[in-house]
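These numbers come from the heavy atoms of this one structure, side chains and all, not from hydrogens, waters or symmetry mates. For reference, positions follow the sequence shown, starting with 1.
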Amino acid sequence: MFLLRKHIKALIILISAFFMHTQLLGQQKINGVNLVSPPSPTTVQDLATVKRISANWISIIPYAFMKPNQTWVKYDSSYQWWGETSKGTITLIEQAKALDLKIMLKPHIWVGGQGWAGDFVLEKEEDWLAWEANYTKYIIHFATIAEKHKVPLLCIGTELRQIIRQRPQFWHQLVHEIRDLYSGKLTYAANWDNYENVEFWNELDYIGIDGYFPLSDEKIPTLKDLEKKWMPWKKQLKEFSECYSTPIIFTEYGYQSCLFNTKTPWSSNSSIISEENQETSYRAFYDIFWNEKWFAGGFLWKWHLDPKSLQKKKTTFTPQGKMVENTILKFYSSNTLK
């Protein structure tokens, strides 16, 4: 009986993988970049810079703002950068279409005083309900823009770790409301350490993960070492994708150009520049994932449209003007799912 169950489970996984592969066959990899929302209007020529790495998708991020223990969600405010507003978002969508770039619209919360929204919690039920109403209004607003302008992919939230755990029913209802008005594909951007806690992956089209997985404590990790460190994560992600018969995308991924850059990739561990570290880290990631059928691609973090903002970015995430651009181009140029 045990062997029979084992064979049945293996058969289910095999069938799920087959149907997922059939669904993806012939599609292009999502060779994407997350745009830094520009503070002022930009041109089509500014956006066209993503073409030099053969990107075929962009992620536009209309930020909203909250404060700890508060229920409001503010967006389209007068103090926001142009690219974060509805007007700027729509213009960027139009510019992307002119360049034949596909778009993921990725609303993202910034919490005043702490930045990251992953630890945001409320105590009272009435406060939760008020916050849910405000967040729904925010997402529906941009879902409506996405539908009107035929944006093919909408991300319904980013790294809201505690809210995912504490309010699962809210997300089921939110997906239902979005589906009523938006005809494109949906994902959610889970942080690398809690994607298994999301209960609604089976209601979405992609499992979205912000892929800042810790890999090596070494100051200058080797390609061989990084590829070895990726293997347990790869196995876990592959099995997770097959379990849901849903492809995985990395809604964010990337490495800073500094020493110790794979120890805790989401934060800076050194002020010493190392473009070589950044290039090695990207190459290891692409070597491990880019030819996998269940892995549909991702959006590197991050790409600036304002040249002035690059002047002090020598150790930060952006690959612009750094040696890693050639590595990205190599893999982004070979973008058809096999």
Side-chain angles (χ1 to χ4, degrees), residues 9 12-13 15-24 27 30 32 57 59-62 64 73 102-109 117-118 120 128-129 131-148 150-211 236-252 293-299:
K9 181 179 180 182
I12 290 172
I13 291 174
I15 292 171
S16 297
F18 171 78
F19 279 111
M20 182 169 61
H21 177 48
T22 301
Q23 176 188 3
L24 294 173
Q27 293 183 13
I30 293 176
W57 282 74
S59 170
I60 299 171
I61 305 174
V73 178
K102 293 184 175 65
I103 303 134
M104 175 174 72
L105 197 54
K106 184 173 178 279
H108 198 139
I109 294 290
F120 180 85
W128 274 121
L129 293 174
W131 180 87
E132 289 173 358
N134 291 329
Y135 186 81
T136 298
K137 183 180 178 182
Y138 167 52
I139 296 298
I140 292 297
H141 174 77
F142 284 100
T144 303
I145 289 175
E147 177 66 15
K148 180 178 180 180
K150 296 181 171 56
V151 171
L153 179 59
L154 175 68
C155 183
I156 67 172
T158 300
E159 298 181 3
L160 297 168
R161 179 178 63 173
Q162 294 296 340
I163 305 173
I164 287 289
R165 289 176 174 172
Q166 297 191 30
R167 311 294 292 186
Q169 189 53 44
F170 163 69
W171 295 97
H172 293 291
Q173 180 60 34
L174 180 62
V175 172
H176 179 76
E177 291 187 40
I178 294 170
R179 292 286 192 197
D180 282 345
L181 64 93
Y182 174 67
S183 58
K185 295 186 182 298
L186 296 180
T187 190
Y188 167 80
N191 203 38
W192 67 272
D193 60 349
N194 76 305
Y195 66 90
E196 294 173 297
N197 296 323
V198 177
E199 296 183 10
F200 52 91
W201 288 131
N202 61 337
E203 300 173 37
L204 305 180
D205 301 288
Y206 293 103
I207 295 169
I209 299 173
D210 287 355
Q236 182 175 318
L237 291 168
K238 182 176 185 290
E239 291 174 353
F240 196 78
S241 173
E242 290 173 346
C243 178
Y244 283 94
S245 301
T246 303
I248 287 175
I249 58 173
F250 276 9
T251 35
E252 295 177 20
K293 299 178 181 67
W294 52 270
F295 188 80
F299 298 82

Engineer: Would you give the length of the straight line joining atom CD of Glu147 to atom CG of Leu154, rounded to the nearest 0.5 angstrom?
Structural biologist: 10.5 Å
Engineer: Would you say the ring centers of Trp171 and Tyr135 fall short of 6.0 Å from each other?
Structural biologist: yes
Engineer: By salt bridge (charged side-chain N to carboxylate O under 4.0 Å, His left out), which residues pair with Arg165, not counting sequence neighbours?
Structural biologist: none
Engineer: Arg167 side chain to Glu132 main-chain N or O, any donor-acceptor pair under 3.5 Å?
Structural biologist: no
Engineer: Name all residues meeting the side chain to side chain donor-acceptor pair (under 3.5 Å) criterion together with Glu159; count only those two or more places apart in sequence or in a different chain, and write none if there are none.
Structural biologist: Trp116
Engineer: Less than 4.0 angstrom from a charged side-chain N to a carboxylate O is my criterion; do Glu252 and Lys106 meet it?
Structural biologist: yes
Engineer: Is a side-chain donor or acceptor of Tyr182 paired with a backbone partner of Val151 at a separation under 3.5 angstrom?
Structural biologist: yes
Engineer: With rounding to the nearest 0.5 Å, note down the distance linking CH2 in Trp294 to CD1 in Ile248.
Structural biologist: 5.0 Å
Engineer: Could you measure the distance from the CG atom of Asp210 to the CG atom of Asn194? Nearest 0.5 Å is fine.
Structural biologist: 9.5 Å
Engineer: Is there a side-chain contact (heavy atoms from CB on, under 4.5 Å) between Leu160 and Tyr188 once you walk through the steps?
Structural biologist: CA-CA 10 Å; Leu160 297 168; Tyr188 167 80; 3.7 Å; yes
Engineer: Please name all residues satisfying salt bridge (charged side-chain N to carboxylate O under 4.0 Å, His left out) with Lys238, sequence neighbours left out, ordered by chain then number.
Structural biologist: Glu242
Engineer: Is a side-chain donor or acceptor of Ser241 paired with a backbone partner of Thr246 at a separation under 3.5 angstrom?
Structural biologist: yes
Engineer: Would you say the side-chain atoms of Thr187 pair up with the backbone N or O of Tyr206, donor to acceptor, closer than 3.5 Å?
Structural biologist: yes
Engineer: I'd like to check the side chain to side chain donor-acceptor pair (under 3.5 Å) partners of Glu199; sequence neighbours left out, ordered by chain and number.
Structural biologist: none
Engineer: Excluding sequence neighbours, so at least two apart, what forms side chain to side chain donor-acceptor pair (under 3.5 Å) with Asp193?
Structural biologist: Asn191
Engineer: I'd like to check the side chain to side chain donor-acceptor pair (under 3.5 Å) partners of Tyr195; sequence neighbours left out, ordered by chain and number.
Structural biologist: Gln236
